[in-house]
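Working notes for the structure below.
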Amino acid sequence: MLNNIALTKNEFQKNWLSFIYYIKTNNNDSVNAYLNKFNNAKLLENKKLSRFNYLKGFYYKRIDNDSLRFYFYHNAYKLSEKENDTLTLLKSLEQLSQTYNYKTDTPYNKEYLDLLYKNAIKYNSQSYIIRYHFLNGNYYLLRSHGKKALTSYKTALKFNFNKNDSILLPLLYNNIGSTYTEEINLPDSAIYYFKKQSKFLKTNNEKFSNFLNIGSAWRKANNNNLAINYYMMADSLPLDFNVISNNIYIKENLAHLNNDIGNHKQAYKYLLDYVKLSDSLKADEHKISIANIKEQYDNEKLRADNLESESKRKQNRNLLFGALLIIFFGSITAFLIQKNTRKKQKLAEQEKALQTQKLATVLKEQELTSIDAMIEGQEKERQRIANDLHDDLGGLMATVKLHFNVLKDKQTPELFDKTNILLDEAYQKIRSIAHTKNSGVIAKQGLLKAVQNMADKISVSNKIIVDVIDHGLENRLENSLELTIFRIIQELITNVIKHAQATESTIHLTNHDDTLNIMIEDNGKGFNPNQVTTKNKGMGISSIDKRVEHLNGKMTIESEPNKGTTIIIDIPI
């Protein structure tokens with residue numbers, strides 16, 4: 001018996017394994033029985049409490065009970081912290097990050113996503129760092145932040161996937177492809193990742209979805225012939241379920257595509273197939289309805305109703321079929337009339353856009369060259385002044401001090417002591433000035449130390465707290481690159497202090513092997529990024545943007561009034 005007794009190790013293990021088995025096989029009656037037993041039993045090992053709550057959360061997830069699912073996963077997370085059960089802690093946070101956020105009425109929970117990343121870094125778990133970037137990408141994708149989603153997905157791909165992690169690869173490739181298709185509108189990039197996904201697919205149902213995605217991307221890229229090929233490849237696959245529904249979808253798309261390329265005979269054939277399959281699907285749905293009604297009505301009345309319904313359905317089908325034919329041939333006629341006119345207009349617009357782009361490129365290059373020359377001149381001037389102070393004036397002051405020391409014995413000692421002290425003070429000030437070379441980036445200590453020193457000095461005032469969070473910056477970068485990056489960060493933090501009215505700001509520095517990611521967040525008053533135009537960017541944004549572009553980097557601004565500001569910069573290194 002399990003009730004109110006302490007289990008031996010063997011008894012506990014036996015019942016525990018049975019409990020897990022019934023959860024995985026969806027045997028709800030047995031799961032409920034074991035839940036009652038364990039709830040009333042004294043568990044032998046306290047460490048099992050967090051895992052027990054995690055499995056309860058898993059069970060309620062299976063039966064779609066969101067409130068209890070969240071409750072037990074949260075219990076598992078809190079218990080695993082006390083029990084130092086790292087694996088259960090990370091698994092619980094992974095599940096909590098995917099729960100529905102009722103505060104914002106959106107899927108995925110950013111609070112638990114951030115906790116998952118923090119603990120994955122803390123316990124050096126590459127698997128859960130990968131999962132974090134995948135789930136973080138989903139979070140942004142569901143909020144139509146396509147660029148942020150791509151950044152997270154591609155960050156995940158930079159890690160080495162072990163056997164357990166490899167299940168995420170086809171999902172990552174699929175989501176990247178979908179983002180390029182629907183959010184970014186780069187169908188060529190979408191096709192590249194969908195094809196990478198196809199290498200991992202085994203079932204016909206998975207391949208069917210992959211072929212449809214590639215076909216849709218080709219269609220968006222205006223390559224209708226390749227789109228038709230992939231739709232036909234999907235159509236040829238034997239599927240395990242939804243055969244009629246999937247075929248209807250394919251026939252409809254093939255009809256439209258063949259019409260677009262002028263293959264009207266083939267388009268008409270697929271249109272007929274579409275109508276027939278639609279009728280077949282409706283007939284199947286009608287049969288299911290009849291099966292439910294038979295329990296309530298007698299057989300004779302049911303057959304009469306069925307005959308009447310069938311007659312009306314055929315009449316409606318004929319009317320629909322005739323209307324579709326009229327619409328179809330009318331569309332072909334209109335298409336042929338307007339095709340040549342649209343083609344000419346499109347060519348003229350493309351030529352005009354090309355000329356505008358060329359002019360903008362020339363102006364941009366000239367502007368960047370001017371900025372680079374200005375920065376280089378400033379650097380050389382600072383370096384020259386520092387060297388002059390250190391080598392010339394510093395040496396002169398040291399010589400003067402030496403002369404006074406020689407005269408000390410021959411003159412009033414008190415006067416020379418005071419003079420000597422003043423000369424020492426002047427000499428130290430000159431050395432201090434000379435050692436400020438390289439504009440704030442400490443040559444011996446590097447970018448990270450310079451940023452941390454800057455943050456510490458700002459935070460001393462207690463008006464705003466600046467935190468620095470780094471990852472992967474163990475090695476130094478090239479000195480001129482560190483200098484430019486430091487200036488960018490310094491100017492952005494200056495903007496926060498001057499304009500944001502913030503009390504907290506965080507600087508994230510993350511090295512992803514070949515890319516340096518800089519993210520600066522504040523809790524200030526925010527602003528509308530749409531009002532920051534190319535001609536009037538304000539707050540030094542234009543200068544910062546040009547510096548980032550000069551480094552072949554990219555800058556993204558996310559802000560809303562009264563909701564703070566996040567600036568993300570990616571720079572190749």
Side-chain angles (χ1 to χ4, degrees), residues 61-62 64 98 107-108 130-131 133-146 149-150 152-154 156-157 161 163-258 260 266-267 270-271 273-274 276-278 280-281 284-285:
K61 177 182 178 181
R62 284 283 184 89
D64 295 324
Q98 299 175 67
Y108 289 86
I130 292 172
R131 283 168 168 75
H133 287 297
F134 172 71
L135 296 173
N136 198 46
N138 293 347
Y139 172 88
Y140 285 121
L141 183 60
L142 290 172
R143 288 157 179 77
S144 298
H145 295 315
L150 282 179
S152 291
Y153 289 143
K154 290 185 177 180
L157 288 176
F161 284 65
K163 185 177 180 180
N164 292 331
D165 299 332
S166 61
I167 191 174
L168 287 177
L169 274 173
L171 299 175
L172 278 166
Y173 290 139
N174 180 75
N175 289 7
I176 292 174
S178 298
T179 305
Y180 273 124
T181 303
E182 303 300 331
E183 297 293 331
I184 310 298
N185 194 23
L186 290 175
D188 290 337
S189 298
I191 291 164
Y192 170 79
Y193 283 99
F194 284 138
K195 286 186 176 179
K196 289 179 74 72
Q197 178 201 14
S198 65
K199 298 176 182 178
F200 297 89
L201 306 180
K202 297 178 181 179
T203 68
N204 285 339
N205 286 7
E206 292 171 338
K207 294 176 182 177
F208 175 85
S209 297
N210 181 257
F211 289 154
L212 283 186
N213 286 336
I214 296 175
S216 298
W218 278 122
R219 187 176 183 186
K220 201 159 191 176
N222 296 320
N223 193 326
N224 292 336
N225 289 322
L226 283 175
I228 289 172
N229 289 342
Y230 277 95
Y231 280 128
M232 291 181 70
M233 288 165 66
D235 191 29
S236 66
L237 289 171
L239 302 180
D240 300 331
F241 59 88
N242 289 338
V243 175
I244 295 178
S245 299
N246 287 324
N247 281 333
I248 287 174
Y249 179 80
I250 291 173
K251 302 301 183 187
E252 181 183 17
N253 280 279
L254 285 171
H256 286 298
L257 286 166
N258 278 280
D260 290 342
Q266 196 67 18
Y270 285 120
L271 182 62
D273 291 340
Y274 166 74
K276 290 178 182 178
L277 287 170
S278 297
S280 176
L281 181 62
D284 289 343
E285 292 172 350

(Q) With rounding to the nearest 0.5 angstrom, report the CG to CG distance, Leu271 to Leu254. (A) 11.5 Å
Q. Taking all non-hydrogen atoms of both residues, which atom of Ile167 and which atom of Asn164 are closest, and how far apart?
A. CG2-O, 3.5 Å
(Q) Measuring only between side-chain heavy atoms, which start at C-beta, is Leu157 closer than 4.5 Å to Leu169? (A) yes
**Q.** For the student: nearest non-hydrogen atoms of Ala190 and Gly177, plus distance
**A.** CB-O, 3.2 Å
Q: Measure the spacing between CD of Glu206 and NZ of Lys202 and express it to the nearest 0.5 Å.
A: 8.5 Å
Q: Can you measure from CG (Asn174) to CG (Leu168) and round to the nearest 0.5 angstrom?
A: 12.5 Å
Q. Which is it for Arg131 and Asp165 under the side chain to side chain contact (heavy atoms under 4.5 Å, CB included) test, yes or no, and what are the steps along the way?
A. CA-CA 8 Å; Arg131 283 168 168 75; Asp165 299 332; 2.9 Å; yes
Q) How many angstroms lie between CZ in Phe208 and CG in Asn213, if you round to the nearest 0.5 Å? A) 10.0 Å
Q: Report the residues that fulfil side chain to side chain contact (heavy atoms under 4.5 Å, CB included) with Ala149, sequence neighbours left out, ordered by chain and then residue number.
A: Tyr140, Leu141, Tyr153
Q | Side chain to side chain, Ser216 and Tyr231, heavy atoms closer than 4.5 Å | A | yes
Please tabulate, one pair per line, all N/O donor-acceptor pairs under 3.5 Å involving side-chain atoms of residues 219-229, not counting sequence neighbours.
residue: Arg219; atom: NH1; partner: Asn253; partner atom: OD1; Å: 2.9
residue: Lys220; atom: NZ; partner: Thr181; partner atom: O; Å: 2.7
residue: Asn223; atom: OD1; partner: Leu226; partner atom: N; Å: 3.3

Side-chain donor-acceptor pairs of residues 191-200 under 3.5 Å, sequence neighbours excluded:
residue: Gln197; atom: OE1; partner: Asn210; partner atom: ND2; Å: 2.9
residue: Ser198; atom: OG; partner: Lys195; partner atom: O; Å: 2.5

Q | Spacing of Gln266 atom CD and Tyr270 atom OH [to the nearest 0.5 Å] | A | 4.5 Å
Q) Is any side-chain heavy atom of Leu172 closer than 4.5 Å to a side-chain heavy atom of Phe134? A) yes
Q) In terms of side-chain heavy atoms, does Tyr108 have a donor or acceptor partner in Asn138 at a distance below 3.5 Å? A) yes
Q: Starting at OG of Ser209, measure out to CG of Leu237 and round the result to the nearest 0.5 Å.
A: 10.0 Å
**Q.** Under 3.5 Å: donor-acceptor pair, side chain of Asn204, backbone of Pro238
**A.** yes
Q: State, to 0.1 Å, how close Ala217 and Pro187 come at their nearest heavy-atom pair, and which atoms those are.
A: O-CB, 3.3 Å
Q) Which atoms form the tightest heavy-atom contact between Pro107 and Tyr139, and what is the distance? A) O-CD1, 4.5 Å
Q | Which atom of Asn136 lies closest to which atom of Ser152, heavy atoms considered | A | ND2-OG, 3.0 Å
